[in-house]
Amino acid sequence: MSKIICKNNIFVLETKNTHYVMGIDEAGYNHHIHWGQKCDVSDYCADNTGDENSNHTRLDEYKQELTPFGQTMYRECDIKAEFEDKCREINLKYDGYKKSDDMLSLVFSDKFYPLEITLNYQIFENSDIIKRWTTIKNTGTGRIDFEKISSAQFSLPSVNAYTFKNTNGAWGGEFIETNNVLEGGYTVFESRKGSSNHNNSPYFIAYQNADEKTGDVYFASLAYSGNFKVSCSRDLYGITRVVMGMNDFDFSHTVNGGEIFDTPPVYCGYVQGFGEMTRQMNRFAVNHILPKQFNDKPLPVLYNSWEATGFDVSVNNQSALAERAAEMGVELFVMDDGWFGQRKNDRAGLGDWYVNNEKFPNGLNELIERVNELGMDFGIWVEPEMVNPDSDLFRKHPDWAYHYPNREACTLRHQLVLNMTRKDVQEYIFNLLDELLSNHNIKYIKWDMNRPFSETGAENLQNPKMYSYLHTMAVYNIVDKLKEKHPEVAIETCASGGGRCDLGALSHYDQAWTSDNTDGIDRMTIQKGYSLLRPAKTMRAWVTDIEGINKPCSLDFRFAVAMQGSLGVGGNLTKYSDSDLEICKKNIALYKQIRDVVQFGDLYRILDIEKDEVLLNQYVTVDKSKGVAFLLANGTRFYKKRIPVCFDGLDENKRYKLTIKNNTYEKSGAYLMNVGIPLHIHGVDYNEIILIEEV
Ligand code: DGJ
């Protein structure tokens, strides 16, 4: 049972398998005491030892939960304020704590200025995940400007160096895993582009001697889609710290008198092995983070028109695609970009969200009705935060895009970013989407965002440097309001592929478009990076006509890759041969059989395509009665590999049945996990989907 123990200014958060401990020392300083395995609670104390000489201060050495800027503390701080009289130093005293069964709040206030800072912790039954966030309260009447406000600080227990796993990506190559040993100085993972973007992930994964199954793994993921910063450091004494939250780059945040500000939350955990990290976070996100309408429902197989018809959508070509999609067993037909305004290419139309009547002379309902008759739901693409200068909207409201009056605006993809911090822009966007959903039988929205910010002037704001935070909150609010009014509509986050797939976005959107790169081979790597700390169910994966840019792979192979998330199809189906159609039908039927296991099960990464030349990913239901394994290889070398394929995550004592290449096996879980089934994995295009069922 999870519980919170508070005694003599020592606070213990007891989760399923871990202790997270902090305390307040006699001088009133907060200390981080322990994060890891459980110890005897009565042994914990706030030890305030530290060196003190004219160059190295105790305060600089302490492991802390909260380190504001000021006094003799010179390392990365969590919070830096400027008060009205220009004093830039915070000096806190501890005021006490509040506690309930699952929540702990430690309250501090400035010794002179009207500032209260509260550290919040929430624990969850049957989980090692802890939610953390910080609350800032201006208890006075004037304004306080913050140069930095982080969500949380972490200190890691070992004095040996940790390696930090993150992702280093780009458009078309999102979530590529990196591992940096941090011996000294700083390692930073961040976004400066206005939203969380393709480059790094807003989390840290710190480990020592860890692999999928063993080794200490500490992780924390920030739920925020604006500019973020995860700043990891190691000092001379070997203390590794992480400060994470909103990026202080081009940032400032004003909290006026009487206002309260809650930072975006962070979800953290300590486990053994990367596999357990993924499984804990996956379960937690499905149960506690994803929006409630669809979190426990299997997502439908969708078709998306983008790769088939690009901007050239029409009632006729979409109907033809829809017929083919329905034949294959698709459940949701999504029309992508091109249906509105004067949208013939990416140069015009964004902002004009009325139906293009050359392409749809009788409105959208003609197509929607056709799709519904075919037995599918209808979904549609929008990019609400953007505007093309060549649009009626921009001609009418040129001041609605972020801009500086005396600077030329940089367009990217011929578009500008709308200033979503303005109330009128927010209303315009909500109303247009609300109207679209009210007048049409639409069950899904793909919400795209295809460029980073620039010229982020926002004359409407008291403090324009709050744009990234306020823009992000405006997007979340509109999504929430739409969902409240149209609870049957699922919404997908997309930003030129996987440019906004963080846990913040996934607290509001139901799923994510993972990457515009739909190459089956590249996808294996992209999907691994995605699913490290993001739920597999949210990972939209389409099978398209890209048969492998550098290495060819078959339609079956591409299905076996895409079925490891929420399956979609995105090829030009009107060109498919009868045998292609049969392959699609067969795989979609199979996916419907296994999707519960994939979308709600536990993922075991057994063989890694980068390290082992073979990919073996297995999903298992929580009760271990059913599993599905995806075994893939694209061109093995040296006549390899004749190997015993061992499975994972099964119950040793249960007996399971599985069929591989027409051979049926019935074995115990112990046998399947420890002895395995010998297989000859070879050829340019090896793919197997193995169903494992309890007998
Ligand atoms: C970028 C997305 O990632 C694509 O899937 C597609 O929706 C295009 N935008 C449309 O412009």
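Counting starts at 1 for both ligands and their atoms, in listed order.
Considering only residues two or more places apart in sequence or on other chains, Asp312 meets the salt bridge (charged side-chain N to carboxylate O under 4.0 Å, His left out) condition with none of them. Annotation: side chain to side chain donor-acceptor pair (under 3.5 Å) contacts of Thr493 (sequence neighbours excluded): none. For Ser577, the side chain to side chain donor-acceptor pair (under 3.5 Å) partners are Ser579, Asp580, not counting sequence neighbours.
In terms of heavy atoms, Met420 sits closest to Ala474 at O-CB, 3.3 Å.
Across Arg422, Arg500, Arg451, a single residue satisfies salt bridge (charged side-chain N to carboxylate O under 4.0 Å, His left out) together with Glu385, and that is Arg500.
Residues with a heavy atom under 4.0 Å from ligand 1: Trp306, Asp336, Asp337, Trp381, Arg413, Lys446, Asp448, Asn450, Cys494, Ser496, Gly497, Trp513, Asp516, Trp542.
Relative orientation of the Tyr402 and Phe453 rings is tilted, given thresholds of 30° and 60° on the angle between their planes.
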